[in-house]
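Note that the coordinates shown come from a computational prediction; the quantities given were computed from them, not determined experimentally.
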Amino acid sequence: MKVEINGNILEFKKGDITTVQADAIVNAANGTLLGGGGVDGAIHRAAGKELLQECKRIREEQLHGEELPSGDAVMTKGYNLPADYVIHTVGPVWEGGEHKEAERLSNCYKNSLALMREHQLQHIAFPSISTGAYRFPIELAAAVAIETVVEYLKKERVGKVTFVLFSEEDKEIYQTTYENIYG
Ligand code: AR6
């Protein structure tokens, strides 16, 4: 499904984000930036070892050894990926909903879009951040993700945003959520 918002394109696709030829793909990382399972593991495997080396440099130089807080985002090159860049963001772990999970998830999207704009990228692809290992209920996460992205696109002309969902079921949830809010 594809819609136009203020001269931008928003689309929903089923697929593996490591195969997407966007200017940047977003990684649902953890604070260590050292890789993990899920989409993070897939991105590191497909990008190659140099990605891990750059992530380690960011930990040392930009973050002074600290972990990247949830909601924040940093950018690296894409190395062996078809995408030029990877934006690493850390989603919130779902702890019942009263620990600012929605706000922190929204910040993941906002901060990734801010990096997109800062670096004048025209196409960014997001996975469904926090809805795997971090257990954020996908219906709620989809509403936060979509509202954050749509409100941004109404204000800024950046280009194209693709949600790359890993299953048909997840894609249906995102599309239905979009229709329910904006249809
Ligand atoms: N392409 C697109 N989506 C994918 C792919 C892929 N190749 N692989 C998985 N997904 P998760 P989180 C979907 O667990 O919940 C990692 O270990 C998946 O089906 O990857 O933010 C990190 O290191 C789900 O819908 O990320 C962290 O420790 C979505 O991506 C932790 O998991 C997110 O699932 C982050 O957990």
Side-chain angles (χ1 to χ4, degrees), residues 1-13 15 17-31 33 38-40 43 47 51 54-55 58 62-63 67-78 81-92 100-132 134 136 138-166 170-171 173-175 177-182:
M1 185 177 113
K2 208 184 247 191
V3 291
E4 205 213 297
I5 299 165
N6 179 34
N8 302 289
I9 301 286
L10 172 65
E11 66 175 358
F12 301 91
K13 275 189 173 175
I17 205 164
T18 65
T19 67
V20 171
Q21 276 197 357
D23 296 324
I25 61 169
V26 176
N27 182 15
N30 62 66
L33 299 180
V39 70
D40 192 9
I43 288 173
L51 178 63
E54 188 175 354
C55 285
I58 289 176
Q62 237 171 287
L63 302 170
E67 293 197 358
L68 185 67
S70 83
D72 285 11
V74 295
M75 194 166 94
T76 65
K77 288 191 260 183
L81 289 163
D84 295 329
Y85 297 97
V86 180
I87 293 173
H88 306 259
T89 188
V90 182
K100 295 197 159 89
E101 290 95 330
E103 185 182 326
R104 287 186 284 140
L105 184 63
S106 179
N107 287 339
C108 289
Y109 290 94
K110 278 187 200 153
N111 287 320
S112 298
L113 290 163
L115 281 173
M116 175 193 192
R117 189 160 183 269
E118 187 183 324
H119 295 273
Q120 296 180 328
L121 308 180
Q122 281 159 16
H123 182 198
I124 188 173
F126 285 102
S128 179
I129 300 166
S130 279
T131 65
Y134 283 178
F136 203 119
I138 188 162
E139 285 82 2
L140 278 180
V144 170
I146 289 165
E147 279 187 296
T148 305
V149 169
V150 170
E151 292 314 311
Y152 187 86
L153 295 181
K154 281 183 182 171
K155 286 186 294 194
E156 305 284 347
R157 197 156 294 186
V158 279
K160 185 163 151 186
V161 176
T162 306
F163 281 104
V164 181
L165 292 323
F166 208 40
D170 287 359
K171 193 188 83 168
I173 292 170
Y174 270 70
Q175 289 184 167
T177 301
Y178 178 85
E179 302 277 349
N180 288 344
I181 304 175
Y182 297 104

**Study point:** Chi angles and distances behind the side chain to side chain contact (heavy atoms under 4.5 Å, CB included) call for T76, N27
**Key:** CA-CA 11 Å; T76 65; N27 182 15; over 6 Å; no
Check your understanding: L113 and F126: side chain to side chain contact (heavy atoms under 4.5 Å, CB included), yes or no, with the steps?
Key -> CA-CA 10 Å; L113 290 163; F126 285 102; 4.2 Å; yes
Review point. Where do I5 and Y182 land on the side chain to side chain contact (heavy atoms under 4.5 Å, CB included) test, with the steps shown first?
Key: CA-CA 11 Å; I5 299 165; Y182 297 104; over 6 Å; no
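Between the side chain of N8 and the main chain of G159, a donor-acceptor pair closer than 3.5 Å is present. Not a single donor-acceptor pair under 3.5 Å links the side chain of T148 to the backbone N or O of K110. Here the side chain of E101 pairs no donor or acceptor atom with the backbone of F136 at under 3.5 angstrom.
Inter-residue side-chain proximity for V161 and L153 is flagged as met; some heavy-atom pair is nearer than 4.5 Å. Counting heavy atoms from C-beta outward, L51 and H88 have side chains that approach closer than 4.5 Å. Annotation: side chain of D72 is not in contact with side chain of N107 (no heavy-atom distance under 4.5 Å). F166 places none of its side-chain heavy atoms less than 4.5 Å from the side chain of S128. Proximity of F163 to I146: side-chain heavy atoms (C-beta onward) are separated by under 4.5 Å at one or more points. Contact check for L33 versus L63: side-chain heavy atoms found under the 4.5 Å cut-off. Residues I129 and Y134 are not in side-chain contact: their nearest non-hydrogen atoms beyond the backbone lie 4.5 Å or more apart. No side-chain heavy atom of C108 sits under 4.5 Å from any side-chain heavy atom of V90.
To the nearest 0.5 Å, atoms CE (M1) and NZ (K13) are separated by 14.0 Å. Between the CD atom of E139 and the CD1 atom of I173 there is a distance of 4.5 Å, given to the nearest 0.5 Å. Distance check: M75 CE to I87 CD1 gives 6.0 Å after rounding to the nearest 0.5 Å.
The neighbour count for E179 CD, taken as heavy atoms of other residues, nucleotides or ligands under 6.0 Å away, is above 12. Remark: E4 CD is packed, more than 12 non-hydrogen atoms of other residues, nucleotides or ligands lying under 6.0 Å away. Taking a 6.0 Å sphere around CD of E151, one finds it holds more than 12 heavy atoms contributed by other residues, nucleotides or ligands.
With respect to Y85, the side chain to side chain contact (heavy atoms under 4.5 Å, CB included) criterion is satisfied by exactly one of L121, I124, L115, I25: L121.
Comment: R117 engages E156 in a salt bridge, judged by a side-chain N to carboxylate O separation of less than 4.0 angstrom.
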